[in-house]
Amino acid sequence: MTVAEQEITDYVARVRAALADLPPGQRDELTEDLADHLTEVAAESEGTLVERLGEPETYAAELRAAAGAAPGSGRNLDQRVASAMARVRGRLRTMDTRLGPPLGYATASDFLQLLRPGWWVLRGYLAAMLVTVISTGGSFGLLPRFGGELLAGMIMLVGFVLASIWIGRRSGRLTRWPRSAVQVGSVVLVVFAFAALMQAEDRMRYGDYGYDQTSVDSPYDRVRDVFVYDSEGRLVENARLFDQDGNPIRLGYPSCSEDAYGKPMLRAYPYCPEQAPFVPRAPGAPLPAVSPTSTPGPSGTPGETGTPLPTGTATGLPPSETPTPTPTR
């Protein structure tokens, strides 16, 4: 369809929309030869139809007056809505024509026609995944499940894909309301697809233990890592924190690893053991020998002449974590 043909089609649509309050037979009679007339006008000289004939609504008023039809009164709002819809359709057709050549086709819709079978299959898959989310309480993976059952989900997937293909092949013969229902359902599935993609992206970025995440209040929002020490002062690696319900407590975000932007939440604590705030003893190292008769040294620090630390206390831990020295007898 050329630009001139689109302009004529849009003009006729807006004229008919302005005459929407007339009986269908009378409206068809008034606009029966309108397209041919506009074609002649467009061929006579340059300039748009609006420039030569005025706005379609004005032209429609002239047709109404020439036919002796009463001016519209009770359906002015309907006329305005119909006119607005006609203008929107006209602009969409213009975009359709302009986007076609970059894709290698006369119009973009010609290219999209080739993708219709793929969309029918995708629509069936999205419908099955939407039922999966509803029947499983919000959890889903790549394959559909019905009530958590994979076999039932696969049977449902096959049925939905076949139904979607059947509807797609007969969409041109659907009446107004069934066609509108199919279009609304397609929009819902597209919105669901975008929401699912965003959730999947969050899972890939932040990881998932398979449990609900435990929220942490603001006092811990500046925590970047967690270091756990055992009773003998040794750094515990590959540690994970859980609450009383089995939900993971997730704090911090690694800044010392090359894969910091990979899946940090799948990693255990500490993220960066080389940045431990206190120097721990090496795992398996024997406890330092202490003398039960030693006395505090001048500086108050344990040593050869200092008060011994109880078994299980490591040097390097903060004073608040060091038990009170046992008095000598």
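Below, each value reflects all heavy atoms present in this structure, side chains not excepted, and no hydrogens, waters or symmetry copies.
Residues R64 and L22 form a side-chain contact, since some pair of their non-hydrogen atoms from C-beta on lies under 4.5 Å apart. Using a 4.5 Å heavy-atom threshold, the side chains of L235 and P273 count as touching. Between R123 and V182, the closest side-chain pair of non-hydrogen atoms falls below 4.5 Å.
Residues I165 and M156 do not share a hydrophobic cluster, clusters being chains of Ile/Leu/Val/Met/Phe/Trp/Tyr side chains in contact below 4.5 Å. If you chain together hydrophobic residues whose side chains sit under 4.5 Å apart, L122 and L130 fall into the same group. Linking Ile, Leu, Val, Met, Phe, Trp and Tyr whenever their side-chain heavy atoms come within less than 4.5 Å leaves M154 and F146 in two separate clusters. Under the 4.5 Å side-chain heavy-atom criterion for Ile, Leu, Val, Met, Phe, Trp and Tyr, V131 and L143 are members of distinct hydrophobic clusters. By the criterion of side-chain heavy atoms lying less than 4.5 angstrom apart, applied directly or through intervening Ile, Leu, Val, Met, Phe, Trp or Tyr residues, V133 is not grouped with F160; the two fall into different hydrophobic clusters.
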Worksheet entry | Steps toward side-chain contact (heavy atoms from CB on, under 4.5 Å) verdict (E32, D28) | CA-CA 6 Å; E32 181 179 5; D28 294 341; over 6 Å; no
Discussion item. Would E7 and L38 count as a side-chain contact (heavy atoms from CB on, under 4.5 Å) here? Give the steps.
Written reply: CA-CA 9 Å; E7 184 182 11; L38 296 178; over 6 Å; no
Discussion item. If you apply the rule side-chain contact (heavy atoms from CB on, under 4.5 Å), what do you find for V187 with V190, and how did you get there?
Written reply: CA-CA 5 Å; V187 171; V190 169; 5.7 Å; no
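The OG atom of S186 lies 12.0 Å from the CH2 atom of W120; values are rounded to the nearest 0.5 Å. Here CG of L150 is found 10.0 Å from CD1 of I155. Values are rounded to the nearest 0.5 Å. A distance of 9.0 Å separates CZ of R145 from OG1 of T136, quoted to the nearest 0.5 Å. Here Y11 contributes atom OH and E55 contributes atom CD; the two are 7.5 Å apart, rounded to the nearest 0.5 Å. The CG atom of L142 sits 11.5 Å away from atom OG1 of T132, with the distance rounded to the nearest 0.5 Å. We find the CG-CD distance between L30 and E62 to be 12.5 Å, quoted to the nearest 0.5 Å.
For an aromatic pair to be called close, the ring centres must be under 6.0 Å apart, and F192 with F194 fails this.
Ring pair F111/Y105 is tilted by interplanar angle, where 30° to 60° counts as tilted.
Counting heavy atoms of neighbouring residues, nucleotides and ligands inside a 6.0 Å radius, atom CZ of R98 does not exceed 12 of them.
Between R27 and D21 there is no salt bridge, since no side-chain nitrogen of the basic residue lies less than 4.0 Å from a carboxylate oxygen of the acidic one.
Across every non-hydrogen atom of P270 and V236, the tightest pair is CD-O, 3.6 Å.
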